[in-house]
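In each ligand, atom 1 is the first atom listed, and ligand 1 is the first ligand listed.
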Amino acid sequence: MSDVADLEGSTLAAVAAAADLAALDTVRVAALGKAGNVTALMKTLGAMSPEARLVEGPRLNALRDTIAAAIAARKTELEAAALDARLASESLDMTLPVSPGPAGTVHPVSQVMDELAEIFADLGFAVADGPEIEDDWHNFTALNIPESHPARAMHDTFYVAQGEQPAPAGHPAAGGVIRHLLRTHTSPVQIRTMLASPPPIRIIAPGRTYRSDSDATHTPMFHQVEGLVIDRGIHLGHLKWTLETFVKAFFEVDDITLRLRPSYFPFTEPSVEVDVGCSWRGGTLSIGGSESWLEILGSGMVHPRVIAACGLDPDEWQGFAFGCGIDRLAMLKYGMTDLRAFFDGDARWLRHYGFKATDVPTLSGGVGA
Ligand code: PHE
């Protein structure tokens, strides 16, 4: 009788004293394990007389249950304490800066494309695109540059070495011959857009373009953004207002003067080249004012033949288009001087001129980030 009471007392004391889960488990094994002392007592029941077992059985069962319950309770306590300790030691300060800092930057060309999309989205323009490997019908013929036209030679075109092929059935040039090439401008996206969906159309199309040309200001691959509006009653005034609004928003300068010079593109009539006014401030030329002029884009009213080539009636639908070099826009806005560095993939240049991935251009936050 006192054996059982002693055992209970000492085991419960050991349970209470167990400082961690490992110590508690040692106590459990010593009492309830195969060779444990409570287990050994339980084994004596077998050799007892039925009368004695009737008395001892419930007592020993109660002993075992009390100890098991005490161990379970202590285990819960120790686990909670261990969790608290871990939470205290592994606390995370979410307000600390990221470490190591984010690697990689957004290339200025991508940043400018995002800025353009943001500015023109505000004016109701969607973003369209087209293939970089074009065919000569979309790149030239439909843009009113027929086979013999000198403008074809002027474009320094990279042709894809597969020769001439009869235009497949369903191709807009069906019945003729097509040649594949790397698009020399984004203007074929005008054609693809007009063929794909009915007017009214308001799109910009930023993307890569290719010409066999290479020096400090020309790279064989470069970037353009095309703009196209087709609707009823569109005139040169719409073009001028749109370009002014765009240039003001892009350079974040209100004092913008645009100079529209008569020019020639086969796919626009009339055609205008657009210069932006600049002035000298502290030895550098900056956008704004009208001391000097920088050419930024070509534009004009979409030629009726181009509208007709896309199956639209030029008496009903008019529009304007513009094409602008994105790399040059980036250089003017962010002050890079050598175009070739854009495509060198030099990590130091990218770290210097690149943008944080979180610098998403927004009109309200300033598109210049
Ligand atoms: N595609 C012309 C170029 O690359 C630019 C342009 C586009 C001009 C649209 C007028 C209208 O030079």
Side-chain angles (χ1 to χ4, degrees), residues 109 113 116 120 125 127-132 134-146 149-158 181-194 201-213 217-231 234-244 246-247 258-276 294-310 314 317-329 339:
V109 168
M113 285 183 177
L116 294 169
F120 279 99
F125 285 63
V127 173
D129 66 2
E132 290 171 30
E134 257 301 357
D135 58 63
D136 61 351
W137 188 83
H138 288 91
N139 194 80
F140 292 129
T141 315
L143 286 161
N144 194 32
I145 313 176
H149 199 287
R152 286 213 185 191
M154 278 160 49
H155 272 216
D156 303 312
T157 309
F158 287 115
L181 46 80
L182 298 183
R183 66 177 179 189
T184 58
H185 50 179
T186 43
S187 300
V189 185
Q190 290 185 34
I191 305 303
R192 291 188 176 273
T193 306
M194 282 189 267
I201 290 168
R202 280 197 293 271
I203 58 110
I204 58 164
R208 294 193 186 99
T209 46
Y210 303 83
R211 289 182 203 177
S212 177
D213 206 351
T217 53
H218 296 88
T219 47
M221 187 280 299
F222 57 106
H223 299 86
Q224 284 192 338
V225 60
E226 194 79 7
L228 176 70
V229 168
I230 300 286
D231 207 335
I234 298 292
H235 54 71
L236 208 58
H238 295 121
L239 168 63
K240 190 170 182 235
W241 180 87
T242 304
L243 293 179
E244 252 167 28
F246 147 56
V247 174
L258 291 188
R259 189 171 73 173
L260 273 59
R261 275 181 294 109
S263 183
Y264 172 76
F265 299 103
F267 34 91
T268 47
E269 182 58 36
S271 301
V272 285
E273 268 174 317
V274 177
D275 302 334
V276 62
L294 285 171
E295 183 189 323
I296 53 165
L297 56 89
S299 63
M301 302 306 295
V302 180
H303 198 294
R305 278 201 212 132
V306 174
I307 294 179
C310 297
W317 302 106
Q318 301 77 42
F320 65 78
F322 59 87
C324 179
I326 290 182
D327 312 296
R328 191 165 159 73
L329 279 187
L339 175 65

*Asks:* I want to check something: taking the side chain as every heavy atom from C-beta on, are Leu228 and Met194 in contact at a cut-off of under 4.5 Å?
*Replies:* yes
*Asks:* From the options His303, Glu273, His185, Gln224, select the one whose nearest heavy atom is closest to atom 1 (N) of ligand 1.
*Replies:* His185
*Asks:* Report the residue from Arg208, Arg183, Arg192 that forms a salt bridge (Lys or Arg N to Asp or Glu O under 4.0 Å) with Glu134.
*Replies:* Arg192
*Asks:* Give the atoms of ligand 1, by number and element, whose distance to some non-hydrogen atom of Gln190 is under 4.0 Å.
*Replies:* 9 (C)
*Asks:* Any side-chain heavy-atom pair from Asp136 and Leu181 closer than 4.5 angstrom?
*Replies:* yes
*Asks:* Backbone, side chain, both or neither: what part of Phe322 comes under 4.0 angstrom of ligand 1, heavy atoms only?
*Replies:* backbone
*Asks:* Counting non-hydrogen protein atoms only, what is the nearest one to atom 7 (C) of ligand 1? Give residue, atom name and distance.
*Replies:* Gly323 N, 3.2 Å
*Asks:* Do any N/O atoms on Ser187 end up under 3.5 angstrom from N/O atoms on ligand 1?
*Replies:* yes
*Asks:* List ligand 1 atoms under 4.0 Å from Ser299, heavy atoms only on the residue side.
*Replies:* 8 (C), 10 (C), 11 (C)
*Asks:* In this structure, is the centre-to-centre distance between the rings of Phe120 and Phe322 below 6.0 Å?
*Replies:* yes
*Asks:* When only distance counts, is Thr268 in polar contact with ligand 1, meaning an N/O pair under 3.5 Å?
*Replies:* no
*Asks:* Ring centroids only, cut at 6.0 angstrom: are Phe265 and His185 within range, meaning strictly under it?
*Replies:* no
*Asks:* Which one of Met301, Glu226, Arg211 has a non-hydrogen atom at the shortest distance from atom 3 (C) of ligand 1?
*Replies:* Arg211
*Asks:* Start with the C-alpha gap between Arg261 and Glu295, add the side-chain angles, then the distance that decides, and say whether salt bridge (Lys or Arg N to Asp or Glu O under 4.0 Å) holds.
*Replies:* CA-CA 10 Å; Arg261 275 181 294 109; Glu295 183 189 323; 3.7 Å; yes
*Asks:* Among Thr141, Asn139, Thr157, whose side-chain hydrogen bond (donor to acceptor under 3.5 Å, both in side chains) with Arg152 holds?
*Replies:* Thr141
*Asks:* For Phe267, take its heavy atoms, then give the atoms of ligand 1 lying under 4.0 Å from any of them.
*Replies:* 1 (N), 2 (C), 6 (C), 7 (C), 8 (C), 9 (C), 10 (C), 11 (C)
